[in-house]
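FYI, side chains are in, hydrogens and waters are out, and symmetry mates aren't considered; it's all heavy atoms of this structure.
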Amino acid sequence: MNEKSIVKNILNIEKELKNRESALKYYNVDKIHLKQIAFHKNTSKNRWVFGGNRSGKTECGAVECVYLARGIHPYRKNKTNVNGWVVSLSTQVQRDVAQKKILHYLSPRDIIDITMQQGKKTSPSRGVIDQIIVRNELGGTSTIGFKSCDQGREKFQGASLDFVWFDEEPPEDIYDECKMRVFDKNGDMFGTMTPLKGLTWVYEKIYKASTYDDSIWCEFMEWADNPYLDKKSIDELSKTLDKKELESRRYGRFQCNEGLVYTEFNENIHVIDPFEIPYQWQDNISIDPGLHNPLSCHFYAVDFDGNVYVVAEHYASNLDVATHSKEINKIAKSLNWKRNSNGMLESLIDSAATARTLASEKNVVELFYDNGILVNPKVNKELFTGINRVKSYLKDANGKSHLFIFRTCVHLIDEIKRYWWSNGDTPIKKDDHALDELRYYLCSKPDIPRLPTVKSEITKDKERLYRKLKQMRWQNA
């Protein structure tokens, strides 16, 4: 090698070291990636980011490892002598992705020693790393170990860990084994992945479970969330992908060949944090009755633009009507929910509630009336009409959403996630009690226009004022 080449190599090495010195310092400073910040701020013990390729998901996973190992996490209490694993699908993927990212965010002064599986520790990025000993800012040292799923479950036994980062989706048995590795230290598990394999165990045990398990947190990242991606490039690449591939590779969404009924549902859009609903927005209650099966009841509000909000939920099984009524009235009281002139709540209910059984002299409608709830069984139960109505409220012809669910309504959210078409032309009749009464309610509302309409701001203001005056007249009546 001649002198010119040697000098060039030295300059390249110095440039790389300088970049590594500044990489973590300027992470999320020049351009803010809000969903990466949300990931780092969240304190759940099991966090997952489902993101498209180049959405920034791997970056936040690597930085989280460095934050924890160095004891410099900006959003949580730091510890010294931290031990963690980075789990990749194979040693090649480890070298090309996760390992490369970790090294990028560790400066030379952070690294005490490197142990290699393959290659030389003087050139760790070219080989396969076994572990990196890192200087912890609180004193002592931390270890970032690297594992690959192709090693098999046995290689994941025995250790006691503070964290595990899954770079892409691991096999379920390895996930279960890693869960035991962080158990005694109450450690963290986090994963960053693009869901290309369909409805795997991650969909069941992580995504769906996050609806009701507070220890699990999920977020979706897409190309538009990454401030470093050029909009023109995003649009051009989007045109080259078919609809299903676009859902996974751009938006990080789960896909299934069998067919999700409400493909329009997007948790980032339709699930919102609760807020105090204005009295004028209160609209109606809807009930799908059940005895051994769950009874589902939701409270619905409508704003002056016709957007529907699902604001409260009662969902329980093996209770009598009196007990259900007591719980529904308790929710109504907490919301200061409107009542009729006789002081009764009013609600829609499945028409099957009018049927009498041998178990009672009164039908369900009459039993609810005796307990202070006037229910209306005259609902539209036509399945496909109801499904189409829900779809139109989730996403209209202009791509706009008109249905928003408070995240406290966990059973409704969970049912939307798991509502699938059967082999025929009807959905699988399972776990759909909340969806039934959602259909009853939305079928009582106006249909969303199928064709795009363009209105001036003046016209919109007039319509809002008219709806507000109408609501005030109703309230004062």
Side-chain angles (χ1 to χ4, degrees), residues 24 27-28 33 35-51 56-89 94 97-99 101-102 105-106 110 131-138 140-149 153 155-193 201-202 205-207 209-221:
L24 191 61
Y27 174 76
N28 271 332
H33 192 317
K35 290 190 176 179
Q36 287 178 340
I37 293 174
F39 167 79
H40 294 303
K41 282 186 173 181
N42 189 272
T43 57
S44 299
K45 289 297 182 181
N46 201 343
R47 290 169 289 157
W48 288 76
V49 174
F50 306 118
K57 64 185 189 304
T58 308
E59 299 289 336
C60 62
V63 169
E64 186 74 1
C65 291
V66 174
Y67 278 162
L68 294 170
R70 287 186 55 199
I72 58 169
H73 202 293
Y75 304 112
R76 60 176 62 200
K77 185 177 180 180
N78 287 291
K79 299 189 296 184
T80 188
N81 300 320
V82 173
N83 293 311
W85 279 350
V86 176
V87 179
S88 300
L89 297 181
Q94 171 192 318
V97 183
Q99 173 183 301
K101 293 292 185 184
I102 294 287
Y105 287 108
L106 284 173
D110 300 327
Q131 64 179 18
I132 304 175
I133 308 300
V134 178
R135 182 173 287 103
N136 187 287
E137 293 296 313
L138 300 179
T141 62
S142 297
T143 302
I144 302 176
F146 292 84
K147 295 285 186 180
S148 60
C149 296
R153 178 172 182 161
K155 297 293 184 181
F156 288 78
Q157 296 175 347
S160 180
L161 303 172
D162 296 284
F163 71 84
V164 175
W165 169 35
F166 299 102
D167 175 38
E168 297 300 341
E169 177 182 347
E172 185 177 6
D173 62 338
I174 288 178
Y175 167 81
D176 290 337
E177 191 64 45
C178 288
K179 200 171 184 179
M180 298 306 299
R181 304 283 69 79
V182 299
F183 179 73
D184 61 335
K185 286 191 172 184
N186 193 28
D188 292 288
M189 299 177 71
F190 44 97
T192 56
M193 58 172 281
W201 68 269
V202 173
K205 294 177 69 169
I206 303 296
Y207 173 57
S210 67
T211 304
Y212 50 83
D213 188 340
D214 292 337
S215 69
I216 303 175
W217 177 88
C218 297
E219 181 62 277
F220 286 87
M221 286 185 186

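- Judged purely by atom type and a 3.5 angstrom limit, Asp110 has no side-chain atom pairing as donor or acceptor with the backbone of Arg135.
- In this structure, Asp167 contributes its side chain and Val87 its backbone to no donor-acceptor pair below 3.5 Å.
- Taking 4.5 Å as the limit, every side-chain heavy atom of Glu64 sits out of range of all side-chain heavy atoms of Thr192.
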Step by step, would you call Phe146 with Ser88 a side-chain contact (heavy atoms from CB on, under 4.5 Å)? CA-CA 8 Å; Phe146 292 84; Ser88 300; 5.8 Å; no

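- From Lys79, atom NZ reaches atom CG of Leu138 across 11.5 Å, with rounding to the nearest 0.5 Å.
- With sequence neighbours excluded, the residues forming a side chain to side chain donor-acceptor pair (under 3.5 Å) with Glu59 are Lys101, Tyr105, listed by chain and number.
- Between Tyr67 and His40, the two ring planes are perpendicular [angle over 60°; tilted spans 30° to 60°].
- Qualifying side chain to side chain donor-acceptor pair (under 3.5 Å) partners for Asn42, counting only residues two or more places apart in sequence or in other chains: Ser44.
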Stepwise, does the side-chain contact (heavy atoms from CB on, under 4.5 Å) test hold for Val86 with Gln94? CA-CA 9 Å; Val86 176; Gln94 171 192 318; over 6 Å; no

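- Panel note: side chain Gln36, backbone Gly56; a donor-acceptor pair is recorded below 3.5 Å.
- Under a 3.5 Å cut-off, the side chain of Asp162 and the backbone N or O of Asn83 do form a donor-acceptor pair.
- Residue-environment remark: NZ (Lys185) exceeds the threshold of 12 foreign heavy atoms within 6.0 Å.
- In this structure, the side chains of Asn136 and Arg70 stay at 4.5 Å or more apart for every pair of heavy atoms.
- With rounding to the nearest 0.5 angstrom, the OG1 atom of Thr143 is 10.0 Å from the CD1 atom of Ile132.
- With rounding to the nearest 0.5 angstrom, the CZ atom of Phe183 is 6.0 Å from the CE atom of Met180.
- To the nearest 0.5 angstrom, Leu68 atom CG is 5.0 Å from His73 atom NE2.
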One pair to check against side-chain contact (heavy atoms from CB on, under 4.5 Å): Lys205 and Asp176. What are the steps and the verdict? CA-CA 11 Å; Lys205 294 177 69 169; Asp176 290 337; 3.0 Å; yes

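- Taking each heavy atom of Asn81 and Gly140 in turn, the nearest pair found is OD1-CA, 3.6 Å.
- Side chain to side chain, Trp217 and Thr43 fail the donor-acceptor criterion of an N or O pair below 3.5 Å.
- To the nearest 0.5 Å, the span separating CD1 on Ile72 from CG on Asn78 amounts to 8.0 Å.
- Once rounded to the nearest 0.5 Å, the distance linking CG of Asp184 with CG of Asn186 reads 9.5 Å.
- Relative orientation of the Trp48 and Phe50 rings is parallel, given thresholds of 30° and 60° on the angle between their planes.
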Are Cys60 and Met221 close enough, and set up right, to give a side-chain contact (heavy atoms from CB on, under 4.5 Å), and what steps lead you there? CA-CA 11 Å; Cys60 62; Met221 286 185 186; 4.0 Å; yes

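- Remark: Tyr175 pairs with Phe166, Trp201 by the ring pair (Phe, Tyr, Trp, His ring centres under 6.0 Å) rule, at least two apart or across chains.
- Glu177 pairs by the salt bridge (charged side-chain N to carboxylate O under 4.0 Å, His left out) definition with Arg153, Arg181, not counting sequence neighbours.
- Across every non-hydrogen atom of Phe156 and Cys178, the tightest pair is CD2-SG, 3.7 Å.
- Evaluation of the salt bridge (charged side-chain N to carboxylate O under 4.0 Å, His left out) rule for Asp173 yields no partner, not counting sequence neighbours.
- Under the 3.5 Å distance criterion, the side-chain polar atoms of Lys35 are matched with a main-chain donor or acceptor of Phe220.
- Checked against salt bridge (charged side-chain N to carboxylate O under 4.0 Å, His left out), Lys147 has no partners two or more places apart in sequence or in another chain.
- A 4.5 Å side-chain heavy-atom check between Ile102 and Cys65 finds at least one atom pair inside the cut-off.
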